[in-house]
Amino acid sequence: MKKNLLLTSFVFLTLFANAQKYKGLAMTPPMGWNSWNTFQTNISEDLVKQTADLMVAAGMKAAGYSYIVLDDGWMAMERDSITGDLVPDPKKFPHGMRAVVDYVHSKGLKFGLYNCAGTKTCAGYPGTRGYEYQDARLYASLGIDYLKFDWCSSDGLNAKESYTTMSNALKMAKRPIIFSLCEWGNNKPWAWAKEVGQLWRTTGDIANIFDGIKTFDTWHANGVMTIVDMQDSLRKYSGPDHWNDPDMLEVGNGMSVAEDRTHFSMWCMLAAPLMMGNDIRKMTNDTKAILTDKDVIAVDQDVAGVQAFKYTDKDSVQTWLKPLQNGDWAVCFLNRSSTPKSIQHDWKKNTVYDSLSAKEFNAVKNIYKLKDLWTKKESGTTDKIFQATVPPHDVVLLKLSK
Ligand code: GLA
């Protein structure tokens, strides 16, 4: 009897332990580069090497970007006929994947791959369904640090179970690998994925447009503002080591400089993972300046790990607030319209208490110094009413420090 009880407790504890992801891999939102938004399946060893070199040379690594993630299209169309292992496409990766991983690691960067919980990836390559433990062991043996796991060809599967199986498989493979769930928010991953992975997509794919929806043959993608609108209600689910992921960045992929600045500012306000999605070999100085702005990135990477909330929304101008460590706040005035907007904000009349983070903004009790994070201007204190003009599709992003 006693023996049975011991056995049952052992089995229970083992199962329970297995259901826990690796802890502490993403205490601030992960930052890196992913191949999909620009290259889709046109990827190669050369692209990875050039990107890795530039991430170091152009200051992206110094700014905090550490992962290079190959998305869909890195595999051959079939698994190895004898071992069942995934095989890298020999044309794209003539020296195999280990050589690519080693190169990226030699630059002091980390490396990630993509697969899918279903039987096929979204681009039709072999999926992981039925091969979870085998694939996890392969990834560990290749030395990868990050796995993005998609949700195509998943008919009849239970999302929570499928992603938990892969999370357990990664844990059993004994290598700390960030697990990025890409289930598009279909089954509310924010409600169950905290113990499964470090980040989860909250929406379908992003498009390189400021607002609205971009329609393709069989699917559609969301503009930046459309995604922003879906995030506010999810803030309570996000925090250190478990982030809402509103999808990868489109900065440098065709929007105006103001729109790119707004996109980047809002992703930082939302404590979103910052995965660059542009061709960094061809980026303009404006794109580089946006992506590497240390002050703005610091808003995203703030260790309090609190997602912003929408405080006001009037006449196409929204005010978003993000509590930061040490009682500081980030404030983003976002002009969604296509005309300039004048704003006036009386800090003293806008005391705020955020019950989620238990942080207070109180300009009656405290004086905060204002810094405009994009222009770098010190803009006085909260003793004065703040006035500014926000250009169309642009932001004024402030940090308020006590
Ligand atoms: C899905 C994902 C994208 C990308 C593609 C690859 O659409 O949401 O981010 O990974 O698949 O096929």
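Sequential numbering from 1 along the given sequence is applied to the chain's residues. Just so you know, ligand 1 is whichever comes first in the structure, and atom 1 is the first atom listed for that ligand.
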What residues sit with at least one heavy atom under 4.0 Å from ligand 1? Trp36, Asp71, Asp72, Tyr114, Cys122, Ala123, Lys148, Asp150, Cys182, Trp184, Arg201, Asp205, Met248
Here the ring-ring contact (aromatic ring centres under 6.0 Å, His included) pairs for residues 246-273, sequence neighbours left out, are His263-Trp267
Under 2.5 Å between the SG atoms: is that true for Cys116 and Cys152? no
Is NZ or CZ of Lys194 both nearer than 6.0 Å to the six-membered ring centre of Tyr237 and within 45° of the ring axis? no
For Lys23, is there an ion pair with Glu195 - N to carboxylate O distance below 4.0 angstrom? yes
Could you tell me whether Arg79 sits above the aromatic face of Tyr131, with NZ or CZ closer than 6.0 angstrom to the six-membered ring centre and within 45 degrees of the axis? yes
List the steps, then state whether side-chain contact (heavy atoms from CB on, under 4.5 Å) holds for Val196 with Phe179. CA-CA 8 Å; Val196 178; Phe179 190 38; 4.0 Å; yes
